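These notes are about the structure you will find just below.
Predicted model only: the values in this text are computed from it and were never measured. Here is how names work: the chains are called A, B, and so on, in the same order as the sequence lines, proteins then strands, and each is numbered from 1.
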2 protein chains.
Amino acid sequence: MPTPHYGQPRYRTIADELRKRIKTEAIRPGTLLPPEATLTAEFQASRGTIRQAIGVLREEGLVATEHGRGSFAVRRTNPVSNSHHATQQKIPADARLAGLLNVDIGTILVEHESVTLANDRVDSVVRVYRPASPAAIKPASNASTSDNSNPP
Amino acid sequence: MPTPHYGQPRYRTIADELRKRIKTEAIRPGTLLPPEATLTAEFQASRGTIRQAIGVLREEGLVATEHGRGSFAVRRTNPVSNSHHATQQKIPADARLAGLLNVDIGTILVEHESVTLANDRVDSVVRVYRPASPAAIKPASNASTSDNSNPP
DNA sequence: AGAAATTTGTCCGTATGTATC
DNA sequence: AGATACATACGGACAAATTTC
């Protein structure tokens, strides 16, 4: 069989499905996801693809994996309270950000958001914006030194 | 050949070596790493393993990879960054900020905005949000319910 | 305590799709 | 259009951690 992946790759589709099951608590917080072998059978995908899907959820902080044990749906889907908070998402640059970062409006940026704590209370929200791709930055004063690379 | 990997896995060893080249600027900031095929030959490892190694560096923020182009050593921010831009303004909290800061929507926040520089270029925009008046913070809410499983 | 079964981790080789040069 | 380079996907094999018997 070939390996077509127009549009959405397979591992992302699988990640989406598993994410839904976690968010709807079809997979309850703190419990194990089905083992990779089971998911392989259910989704008719190779183990590598299943592992890639789980990797996505791990990066999102939705699951935690342990060698020889399995992948757990992380507890505490609760809003805030005492746990740290750190998210990352991609957003298009508005005029203000575009101007500061020297990119075109609409350029995809990565927004890192975290909070600082003081006495177990959220003290401030910190957001950092950076172009998702360094290549998006518009040229400025280019001197000499013609490299074979011209990215950031 | 079997696949022995006692102790340090291969992909981590390769990541360590590449990291060293970046930190010592043997691979200069902003330039391309060798393509995966070249690294495959040099380290006598499969492409999957090379990709795993690069993935480690990507997570560390040392490299950025672009489809069809390659992986770049990221231009790093200077230790002593002199911010030339810093503003401060008051804004009402939207739902997202209000939830994180535990204040009512519409509560007046102070937004501090600054930028970090790298090689005289703007590298990122940083924004910090804090209630203009600490009195706006609502009394604590509770969490922590029963536990009947024992993962992490 | 020890052996077997289960489950995730690492690594290889190959093939094909997609983006960039 | 062709070459180069990264992305996705498959399949197999063995290693290592955990659990079960």
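Each of Leu33(A), Leu32(A), Val74(A) was evaluated against Val63(A); a single residue qualifies, Leu33(A), per the side-chain contact (heavy atoms from CB on, under 4.5 Å) test. Each of Glu111(A), Arg96(A), Glu113(A) was compared with Tyr129(A) under the side-chain contact (heavy atoms from CB on, under 4.5 Å) criterion, and only Glu111(A) meets it.
Remark: C1' of dT10(C) and CD1 of Ile14(B) are 12 Å apart, rounded to the nearest angstrom. Atom C1' of nucleotide dC10(D) and atom CD of Gln52(A) are separated by 12 Å, given to the nearest angstrom. Here the P atom of nucleotide dA19(C) and the CZ atom of Phe72(B) are 17 Å apart, to the nearest Å. The distance between atom CG of Leu57(B) and atom P of dC6(D), rounded to the nearest whole Å, is 14 Å. The interatomic distance linking Glu36(B) (CD) with dT20(C) (C1') rounds to 14 Å, in whole Å.
Applying the 4.0 Å criterion to OP1 and OP2 of dC12(C), one finds that Arg10(B) has a side-chain N or O inside that range. A sub-4.0 Å separation between OP1 or OP2 of dA19(C) and a side-chain N or O of Arg69(B) is absent. Side-chain nitrogen and oxygen atoms of Thr49(A) include at least one within less than 4.0 Å of the OP1 or OP2 phosphate oxygen of dC10(D).
One can find a donor-acceptor pair under 3.5 Å joining the base of dT18(C) and the side-chain atoms of His67(B). Evaluation of atom-type donor-acceptor distances gives no pair under 3.5 Å for the side chain of Arg47(A) against the base of dG12(D).
Not a single donor-acceptor pair under 3.5 Å links the side chain of Thr31(B) to the backbone N or O of Ile27(B). Proximity of a side-chain donor or acceptor of Gln44(A) to a complementary backbone N or O of Ala41(A) within less than 3.5 Å is detected.
If you find the closest nucleotide of DNA chain D to Gly48(A) and to Gly68(A), the one lying nearer the 5' end belongs to Gly48(A).
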